[in-house]
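Protein chains get the first letters and strands the later ones, always in sequence-line order, with residue 1 at the start of each.
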2 protein chains.
Amino acid sequence: MPENGQSVAVAPARLEQIERAVVDLFVRLAEVAGLPRSVGEIYGCLFICADPVPMDALMERLHLSKGAVSQGLRLLRSFGAVRTVYVPGDRRDHFTAERELRKLVSGYLQEKVVPHLRSGDERLKVIRALVAETNGGARKVLQERVAQLSRWHRRAEQIIPLLLRVLQQ
Amino acid sequence: MPENGQSVAVAPARLEQIERAVVDLFVRLAEVAGLPRSVGEIYGCLFICADPVPMDALMERLHLSKGAVSQGLRLLRSFGAVRTVYVPGDRRDHFTAERELRKLVSGYLQEKVVPHLRSGDERLKVIRALVAETNGGARKVLQERVAQLSRWHRRAEQIIPLLLRVLQQ
DNA sequence: CAGTTTGTTCATTCTGTAGTGAACAAACTG
DNA sequence: CAGTTTGTTCACTACAGAATGAACAAACTG
């Protein structure tokens with residue numbers, strides 16, 4: 001049935017197959033990281049490609065809309081997971097994946113967990129104040145619980161630099 | 001307007017306020033961990049409560065349906081984040097939060113990330129096989145990329161036990 | 001400077017998952 | 001053992017967030 005308008009296999013079929021498998025892998029990873037599927041697709045594609053890729057190529061290869069690719073790239077750049085590359089003689093921007101694990105994790109943590117740690121800290125302060133104003137039988141238990149929460153929080157803050165140090169090399 | 005059927009403030013208002021603040025904190029945490037909001041609510045409530053709590057109390061306090069609480073508790077038990085407690089003279093099961101950070105993190109990793117690492121491993125094997133069958137200019141670059149992915153994977157596997165060791169105490 | 005290319009924004013649509021609540025099963029109780 | 005309590009399951013609904021695509025802005029080109 002040659003009624004298909006798409007080109008079926010322009011480039012080596014095997015290469016496409018590999019690209020698909022890698023993109024698939026990154027889609028799962030995005031899932032775990034709580035990022036949109038399309039972001040995983042885009043990063044995966046950039047990761048495996050030998051050379052920097054322009055937006056329209058991403059749209060075409062991944063069957064994503066212009067908007068999705070534009071927004072996905074923005075997010076990835078905000079993490080420092082993707083860099084914009086200048087290609088002489090081409091008006092379009094090209095994009096490459098940042099492939100250093102430490103930088104990726106660092107960017108992700110900075111954008112997606114550090115803010116939560118901060119707001120958590122403030123919430124804890126509020127809770128501690130509320131407990132301080134309490135009296136009665138519950139007081140003792142509450143203080144114990146809140147102390148535990150504070151320890152958790154401190155641990156979380158300790159672990160981030162530790163993680164980055166381990167990832168350093 | 002006393003037309004409200006609900007009791008407005010049975011227990012000390014301050015205690016309710018604290019409970020709400022703690023539940024709120026855990027809702028955010030659930031968000032980060034990619035768990036349903038209701039799961040955060042349930043765990044938060046159990047965390048702050050002095051004594052084990054039965055299902056209907058959770059429904060009432062959190063305004064959640066029976067189904068949501070039942071399912072939430074199931075998930076939390078699967079993580080080892082909640083234990084069922086027998087209370088003499090009461091037919092209902094009661095539940096307590098497991099408050100040891102290491103156990104919590106361990107359970108979460110075991111259920112939510114270890115499986116992904118496994119499937120990732122298999123996917124990587126497939127990709128390596130595909131690359132091995134490739135020839136041509138792309139080969140070299142592909143091998144480099146896949147090697148990098150493999151290193152990432154190994155790092156991830158190393159980090160889990162390290163994390164648990166740090167959390168140990 | 002008219003026309004084209006490139007990229008962003010945002011109102012709208014689509015989709016997957018969380019939550020509901022009724023039906024059901026199981027276990028108690030008197 | 002009829003009736004009650006307790007807890008699970010699952011078909012359905014509601015909703016948040018992802019993806020679309022058209023309108024727009026900006027930058028280039030001849």
Look only at the side chain of [X] and the backbone of [Y], and say whether a donor-acceptor pair between them is shorter than 3.5 Å.
{"X": "A:Tyr43", "Y": "A:Val82", "value": "no"}
{"X": "A:Arg83", "Y": "A:Thr96", "value": "no"}
{"X": "B:Ser70", "Y": "B:Gly67", "value": "no"}
{"X": "A:Arg77", "Y": "A:Leu73", "value": "yes"}

The residue, B:Leu64 or A:His94, whose nearest nucleotide of DNA chain C is more 5′ is A:His94
Would you please enumerate the stems DNA chain C participates in, each stem being three or more consecutive Watson-Crick or G-U wobble pairs with both distances under 3.5 Å?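 Correct response: C:1-30 with D:1-30.
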Listing time: all N or O pairs from protein to nucleotides 25-30 of chain D that are below 3.5 Å?
unit_1	atom_1	unit_2	atom_2	d
D:dA27	N3	A:Arg91	NH2	3.3

Check for me, please, whether A:Leu76 and A:Leu109 land in the same ILVMFWY cluster - side-chain distances under 4.5 Å, paths through other members count.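 Per the 4.5 Å side-chain linkage, A:Leu76 and A:Leu109 are co-clustered.
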Any link between A:Met59 and A:Val23 through a network of hydrophobic side chains (Ile, Leu, Val, Met, Phe, Trp, Tyr) touching at under 4.5 Å? yes
May I have the distance from [X] (atom [atom1]) to [N] (atom [atom2]), rounded to whole angstrom?
{"X": "A:Arg37", "N": "C:dG16", "atom1": "CZ", "atom2": "P", "answer": "9 Å"}
{"X": "B:Arg92", "N": "D:dG7", "atom1": "CZ", "atom2": "P", "answer": "8 Å"}
{"X": "A:Leu58", "N": "C:dG7", "atom1": "CG", "atom2": "P", "answer": "10 Å"}
{"X": "B:Phe95", "N": "D:dT8", "atom1": "CZ", "atom2": "C1'", "answer": "11 Å"}
{"X": "A:Met59", "N": "C:dT6", "atom1": "CE", "atom2": "C1'", "answer": "11 Å"}
{"X": "B:Leu76", "N": "D:dG7", "atom1": "CG", "atom2": "P", "answer": "16 Å"}

Does any non-hydrogen side-chain atom of A:Pro54 lie less than 4.5 Å from one of A:Asp93?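 Result no, sub-4.5 Å side-chain heavy-atom pair not found.
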Mind checking whether B:Val27 and B:Ser38 have side chains closer than 4.5 Å, heavy atoms only?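 B:Val27 does not reach B:Ser38 side chain to side chain.
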Would you call [X]-[Y] a salt bridge at under 4.0 Å N-O?
{"X": "A:Glu122", "Y": "A:Arg118", "value": "no"}
{"X": "B:Glu144", "Y": "B:Arg151", "value": "yes"}
{"X": "B:Asp24", "Y": "B:Arg20", "value": "no"}
{"X": "B:Glu31", "Y": "B:Arg28", "value": "yes"}

Is it the case that the base of C:dG21 and the side chain of B:Lys66 share a donor-acceptor contact (distance under 3.5 Å, atom types as modelled)? no
Which pair of non-hydrogen atoms, one from A:Arg155 and one from B:Leu167, has the smallest distance, and what is that distance?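 Looking at all heavy atoms of both residues, the closest pair is CD-CD1, 3.9 Å.
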Of residues 20-36 of chain B, the positions that come close to DNA chain C - non-hydrogen atoms, cut-off under 4.0 Å: B:Pro36
Let's see if you get this right: which residues in residues 39-55 of chain A place a heavy atom under 4.0 Å from DNA chain C?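 Output list: A:Met55.
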Reckon [X] has a side-chain N or O less than 4.0 Å from the OP1 or OP2 of [N]?
{"X": "A:Ser70", "N": "C:dT8", "answer": "yes"}
{"X": "A:Ser65", "N": "D:dA19", "answer": "no"}
{"X": "A:Arg74", "N": "C:dG7", "answer": "no"}

Base, sugar-phosphate or nothing for [X]? Non-hydrogen atoms, less than 4.0 Å.
{"X": "A:Ser38", "value": "sugar-phosphate"}
{"X": "B:Leu73", "value": "nothing"}
{"X": "B:Asp93", "value": "sugar-phosphate"}

Straight-line distance of A:Gln110 CD to A:Leu164 CG, nearest 0.5 Å: 8.5 Å
Rounded to the nearest 0.5 Å, how far does CZ of A:Arg61 lie from CD of A:Glu41? 13.5 Å
Tell me, which pairs form a ring-ring contact (aromatic ring centres under 6.0 Å, His included) where one or both residues lie in residues 81-134 of chain A, sequence neighbours left out? A:Phe79-A:Tyr108
For nucleotides 10-13 of chain D, list the nitrogen or oxygen atoms of the protein found under 3.5 Å from its nitrogen or oxygen atoms, one pair per line.
unit_1	atom_1	unit_2	atom_2	d
D:dC10	N4	B:Gln71	OE1	2.7

Checking A:Gln168 against A:Arg102: is there a side-chain donor and acceptor pair closer than 3.5 Å? yes
